[in-house]
There are 2 protein chains.
Amino acid sequence: MLTAALELFAEYGMAETSLQMIADRMGVTKAAVYHQFKTKEAIVTATADRELVTLEAAVDQAEVADNRDQARRVLLRQLIDFAVDDRALVRAWQGDPAMMRVLANHKPFSALTTRMYSLLVEQESGIDWRIPAAMLASVITAVGQPGLAGFEADLLREQVYRYACRLLNISD
Amino acid sequence: MLTAALELFAEYGMAETSLQMIADRMGVTKAAVYHQFKTKEAIVTATADRELVTLEAAVDQAEVADNRDQARRVLLRQLIDFAVDDRALVRAWQGDPAMMRVLANHKPFSALTTRMYSLLVEQESGIDWRIPAAMLASVITAVGQPGLAGFEADLLREQVYRYACRLLNISD
DNA sequence: GTCTATAATGGGATAGAC
DNA sequence: GTCTATCCCATTATAGAC
């Protein structure tokens, strides 16, 4: 069910995916869908929650690193792995304004992005990390672009990691 | 009118922007909007057409460059200028699945992206430019991210150009 | 050109039978 | 859990007066 919904979100966006479409793909009626989830937003947050555990584990691991550069490298690796392995999810999340609005109001999601942001945005050194962080996020989520759908995961993973390191001026 | 529509598209996405919202922002009724544009898609393509002339001029200029590297540099500069100066437009275009579907079916837009792609995707040298092209597009459109809204255009322009050059391994 | 009024459609959501 | 049937409402789109 969540898989079916996520595929449709990735293809049509959240706003243009009706409960009827989800029900049709599952071969049931709308009422059956409503039996599991009270609202459409609940479906969206449920699809997100299923993926959040993986991302939370990645941030957990990065937060215990020895220093900030190391933490960033660890986070980077895992975010890229995650994005490449689940490009449909990235497509569903990235950019869609309706989806972003719902996720921004979803506490577990916003809490996670705050933690990621803290790892990236350096206060002490006087460097403003907001711009490079935005670039980095953009490069990682680029794997969701339709034009890259044909590439194999291994190649894409390696290439994106190389470009991300180049962006951050760190050795891979 | 097109300005009002574009602002709403940038904030709520195309699918979640109703004609009523556009009419309200203009202080008129829906019927007045329909008098100018027969359908909602017509409004979208009209907002796009208004911006396409700028982008077409940029590609024209790049296509007459001496060599491919030079063409890329010219195109890069102008695309970044365009994106930074009109971040609301980038936000409206980037990612929104509904918007992308309409634009993909809009000939002037698809023709332009084909021309840009030809400049970037190198066949002769054996290098596959599809991945770096996707990275580049991602970095440029990153200026539309809400988190970068507070930065001044000049700073953003300079930074994005630097990161883009780093990505392509060319001197700025 | 802009208004009021009104169709026509589709979507979110619920009630109640099986 | 799934169905049929229904409600309510927002939206797209049009007709016709001013």
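Please read these numbers as outputs of a predicted model, since none were measured by experiment. Side chains are part of it too, since the values below use all heavy atoms of this structure and drop only hydrogens, waters and symmetry mates. Naming convention: chains lettered A, B, ... in sequence-line order (proteins, then strands); numbering from 1 in each chain.
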Nearest atoms (heavy-atom pairs only) where A:L167 meets B:R166: O-NH1, 2.6 Å
Pairs: protein N or O with nucleotides 16-18 of chain C N or O, under 3.5 Å:
none

Checking B:R72 against B:W129: charged group under 6.0 Å from the ring centre and within 45 degrees of the axis? yes
Rounded to whole Å, the NZ-P distance (A:K38 to C:dT14) equals 8 Å
A:L55 CG to A:L89 CG distance, which is reported to the nearest 0.5 Å: 8.0 Å
Rounded to whole Å, how long is the line connecting atom CG of A:D24 with atom P of D:dT2? 15 Å
Measure the distance from CD on A:Q36 to P on D:dG1 and round it to the nearest whole Å. 8 Å
Ignoring the backbone of A:T39, work out which of C:dA13, C:dG1, D:dC3 is nearest its side chain. C:dA13
If we only count heavy atoms from C-beta on, is the A:R73 to A:N67 side-chain gap below 4.5 Å? no
Test of understanding: with side chain to side chain contact (heavy atoms under 4.5 Å, CB included), list the residues that count as partners of B:T54, not counting sequence neighbours. B:F82
How long is the line joining CG of A:L8 and P of C:dG11, in whole Å? 13 Å
Taking atom P of C:dG1 as reference, at what distance in whole Å does atom CE of B:M1 sit? 13 Å
Can I get a per-line list of side-chain donor-acceptor pairs under 3.5 Å for residues 138-156 of chain B, giving both atom names and the distance, sequence neighbours left out?
residue	atom	partner	partner atom	Å
B:S138	OG	A:S138	O	2.8
B:T141	OG1	B:A137	O	2.9
B:T141	OG1	B:S138	O	3.2
B:Q145	NE2	A:A134	O	3.2
B:D154	OD1	B:R157	NH2	3.0

Inter-residue atom distance B:L76.CG - B:D81.CG, 0.5 Å rounding: 9.5 Å
How close or far is atom P of D:dA13 from atom CD1 of B:I43, stated in whole angstroms? 9 Å
Can a side chain N or O of A:T29 be found less than 4.0 Å away from OP1 or OP2 on D:dT2? no
Would you tabulate the side-chain donor-acceptor contacts of residues 1-14 of chain B under 3.5 Å, counting partners in other chains and residues two or more places apart, or write 'none'?
residue	atom	partner	partner atom	Å
B:T3	OG1	B:R50	NH1	3.3
B:E7	OE1	B:R25	NH1	2.7

Sequence neighbours excluded and cut-off under 3.5 Å, please list the side-chain donor-acceptor pairs for residues 102-112 of chain B, or say none.
residue	atom	partner	partner atom	Å
B:N105	ND2	B:R101	O	3.3
B:H106	NE2	B:D49	OD1	2.8
B:S110	OG	B:K107	O	3.0

Find every protein N or O atom lying less than 3.5 Å from an N or O atom of nucleotides 9-12 of chain D, and list the pairs.
residue	atom	partner	partner atom	Å
D:dT12	OP1	B:K40	NZ	3.4
D:dT12	OP2	B:L19	N	3.2
D:dT12	O4	B:K30	NZ	3.4

Just how far, in rounded Å, is C1' of C:dG12 from CE of A:M14? 11 Å
